[in-house]
Each structure stands twice: as C-alpha cells, then as structure tokens.
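Lettering of chains follows the sequences in order, A, B, ..., and the numbering in each one begins at 1.
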Protein chains: 2
Amino acid sequence: MLSDVMEDYLKAIYYLEREGDAPVGTSRIAEYLEVTSPTVTSMVESLADRGFIEREKYKGVELTDEGETVAVEVVRHHRLLEAYLTEHLDYDWSEVHEEADALEHHISEEFERRVAEALGDPEVDPHGDPIPGADLTPPDEGVGTRLSEHGSGDRVRVERVSDRDAEELAYLQDAGIAPGIVLEVTDVAPFGMVTVAVGDEEQSLPETVARSIRVTTATGSEDRAVGGA
Amino acid sequence: MLSDVMEDYLKAIYYLEREGDAPVGTSRIAEYLEVTSPTVTSMVESLADRGFIEREKYKGVELTDEGETVAVEVVRHHRLLEAYLTEHLDYDWSEVHEEADALEHHISEEFERRVAEALGDPEVDPHGDPIPGADLTPPDEGVGTRLSEHGSGDRVRVERVSDRDAEELAYLQDAGIAPGIVLEVTDVAPFGMVTVAVGDEEQSLPETVARSIRVTTATGSEDRAVGGA
DNA sequence: TATAAGGTTTAGATTAGTCTAATCACGGGC
DNA sequence: GCCCGTGATTAGACTAATCTAAACCTTATA
C-alpha cells in the first residue's frame, strides 16, 4: 500500500504539472508541501523506484500513467468530500478544504461510491473544481481563462476558485465572489491589481488572487451577482 | 499532537480495562493490536512519559484521567461514524466498523459536532454501543448481562453486540440477531454452546459469541424477533 | 568561455514505530 | 524455600520520513 505521504506527493505533482511547466522541479514540490528540498529528493527517488513518476536527475519529475491514476483518485476523494460536506453536513464552501485533506487518504472504495451516489455524481465541487469520474480519467482542469487575463469592461462568470488558501477563500466569500457569480472588470491597475464590480459592490483583487480565479465570458442572459450551481 | 498509533493504544487499553481485570498486561495489548510484546513495552513507556497511563513494570498499565479522555474521544468518533454511515450513507450495521476505524483519527471537532447534530445526538450506535457525550464522560459500557450467562427458557432482548469481528457480525446478521431483537434461550450445551429461538428460527452460538452479546430480560410487552432502535 | 548563482543532490543524523533474539522477573508447585 | 515456566523487558536492528550542512550540477551572463 501507498502511504498518505506518498499520495500527497503524487497529488502535489499532479497540481504542479497542470499549473506550470513540466517537468516539475524539486523546489516547487518542496515549497508546495512545505518540506525541504533534500526531503523531496529522497521521496521522489522512492516514487520513481516504485514506478509512479519518471525522474531525470537535476531536471525534475513527471507522473507516469500509474502515478497519475493514483493522484486522480486522491483528487476525486478530495473533491467528493468537499461536495459532500457542503451539501449534506452544512459546511460552508470556504471551510471544507482542510477537512477533505485529512479524510481523502482514509476513505474506502465503498465510501467513495456511496458519497458519489448520495450527491448524484456531481461534475464539480463547491469551488468549481472538476470531480474526476469513477473511471479515474484525468478531468480537464483548465476551464475558462484566468481573471487576471481580462481587461476593463469584460463581463465574466466565475467558474472556479482555488481551494488551497483558507484566508483567500474567506476573503472571496466575504466579497461575494464564488462559482456561478457574474462580475464585471472595472479596472486593471499596476502590478496586476484587478478591480471588479460584484452586484453593487466594487472589490480590488491582487494579481495572485485574480490569477487563481477562472472565468468564462458571461452571456447577456445571466444575472449579475447571482450564484448558480 | 498524538499520533494515530498512540490513539489506537489508548483505545485498546480502554477496551481491555473494561473487558477484563486491571491493570492491563503487555501481552493482552499486543494480541488486541496484533503487534509484538516488545513493541507494546516501548509504546507504553512513551505513553507513560506523556502522562496518558500509569505503568508499573512487569504488572501492566492503567489509563490516567487524561488518557481516558483521549480514548473516550476516539470512541465517540468511532461510534458517531458508525451511526452516521448506517443512518445517512445506507451502510449495513455489520460493515461499518472498519470504515470507522480508518476515519476516527482524522475528523475535526467541527466534523464531530456536525455529525452528532445530523444524527440528533444519539445515545447508542448501531451495534448498541453507548456513544460518549461531547463532554467526554466515560459512558457505562456494561449494560445488561452476557447472553452466555443465561439458561434455558430465558427471554431476553439484545442490547449490544461486539463490533470488532466482521465475520461474527455477518453471521449474526444472517441469523437475524441484532440490537432490539427479542430471543429465547432454548438450550445450553457443553462448552457453553447456546441455542436460541429467534422468531421461528433456531440458532446455535458458540460460547465466545454468546459472551460478546449483551442482553436484558425481555418484558412480556415486547414482540419476539422484532427489532427496535 | 569562465564563473557565479541558484537549484539539486549527497552525507549524515534524528524520530517514530516496528521486529527478532536474548535476558530478566514473578508467582505457583513441589 | 527453591525452581521453573510464563510473561515482560532489554538489546539491537530496520524502514520511512524528515532535517541541516556540505558538495554538486546547470545555466545564464559578463
């Protein structure tokens, strides 16, 4: 069996492959998981020995198909749990991430199945992240465009926000920005600061935050500032 | 923080204190947790150092108040999970134990609270085991008497069955024996083999199984072979 | 093209949890 | 009251995951 820690490394590599360039370097993994580089080096050696990643020394790593399947299963667990906690245990979408992180390694196939069934096999979790299907095909993680790529006057619908940072999530929730919400970019200032109109309110978002929000162009029929599923 | 493993040791000592004589010896813990005696010795040293147990060398161990509180919290998690899985995720009462064992160490206070609320703060889990309250006062684990102590003609109501052995549980479920069921002892054979009438069926139970079933004397008003909550 | 900077790996140590083999303690029976 | 068996502990080793400090590649640039 695979340890929790190994699963965490595979999940991290999965995210990092999709977020930046491949191959994924030691220090990016180290930063993401909050461990030191030598720790990552020794861990990726084991993962390569066990066939979950391809590794080229001094270059970086890439998931093999087998490693990707493991990562996708953990991601499926995570996102199903986020959806379940929100839908059936009255959690707020901004606070489910940590709970899901703790539980994702410890649920059985049976549990996964029953939770998926209770939810009616949803396609996305409360943050708008796609939930991989039971066949563990990697989902398309790149829906829409980054809010940071838009300019003044664009009306967009929020598709997806990052679930990783609790502080950021609390801020977004407070600002009324969530998946399904339609907003309009009113200004882009130096350093990428983006100002958006959400309903009657204006909010300014630092570039890092705007980059982590994925949006699609809003059609005229959609209501401003009204959330959807 | 306390590791999963340490929590498992405290939970094991909690059960063993209530099941047999105190203090609890090394080999009983070793057998219960399926590890070797030297492993237990070294682990109980750490637990004693950290104040969770009193230890007397060559004699055995006993939980301190602090250790007992930790054990009771884990037990609360376990039993709430068993109840939740049965009630809300359509699990069968005979198959929830392992899932609860895996999850009990990883749920937050918040999760515990929300699950308890969703269930309406139940007093017992699906096996009839008492669920400790949020204040973590140790519950009375000794309800009723053991089925093995009864003789021919006794009509009793099943209060509680052990949740530890999946095979035994499957057998009992198949035999129609569950908490709430009323049955009548029709025979006690050598080696403690107990024969009981459950509805129209007769079932013979080995002594070890009969000892793990706790019952109370059935009053006339109760229906035979009809389960209750 | 030589070198310095930045990232990566090696070396060596630490902690937690486990094991086997060997030694030790305690209590019952002669 | 001694001896022996059962159970407990000590001794020593191993694996997984982590760290710090030091040595090592790679690459960009001067």
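Other residues, nucleotides and ligands contribute at most 12 non-hydrogen atoms within 6.0 Å of the CD atom of E31(B). Counted within 6.0 Å of CG on D135(A), heavy atoms from surrounding residues, nucleotides or ligands total more than 12; the atom is thus considered enclosed.
Taking atom CD on E31(B) and atom C1' on dA8(D), their separation rounds to 16 Å, with Å as the unit. Atoms CG (D49(A)) and P (dA17(D)) sit 13 Å apart, rounded to a whole Å. One atom, CD of E45(A), and another, P of dT15(D), lie 15 Å apart when rounded to the nearest Å.
Salt-bridge check for E207(B) with R211(B): passed, with a basic side-chain N closer than 4.0 Å to an acidic carboxylate O. Salt-bridge formation is detected for the pair R114(A)/E110(A): a Lys NZ or Arg NE/NH1/NH2 atom is positioned less than 4.0 Å from an Asp or Glu carboxylate oxygen. R79(A) has a carboxylate O that lies under 4.0 Å from a charged side-chain N of E141(A), or vice versa, which qualifies the two as a salt bridge.
For R164(B) and Y32(B), the positive end sits near the middle of the six-membered ring, less than 6.0 Å away and at most 45° from its axis.
Residue contacts shown for E56(A) are absent, as no nucleic acid heavy atom lies under 4.0 Å away. If you check every strand for non-hydrogen atoms under 4.0 Å, T26(A) touches sugar and phosphate atoms only.
Contact between the side-chain N/O atoms of K57(A) and the OP1/OP2 oxygens of dT10(C) is found at a separation under 4.0 Å. Side-chain N/O atoms of R28(A) include none lying less than 4.0 angstrom from OP1 or OP2 on dT8(C).
Listed by residue number, the members of residues 13-24 of chain B with any heavy atom below 4.0 angstrom from DNA chain D form an empty set.
H105(B) is linked by a ring pair (Phe, Tyr, Trp, His ring centres under 6.0 Å) to nothing, counting only residues two or more places apart in sequence or in another chain.
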The contact string for nucleotides 13-25 of chain C, one letter per nucleotide 5' to 3', using protein heavy atoms under 4.0 Å with B, S and - for base, sugar-phosphate only and none, comes out as ----SBBBB---S
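Between Y91(B) and F111(A), the ring-plane angle classifies as tilted under the 30° and 60° cut-offs.
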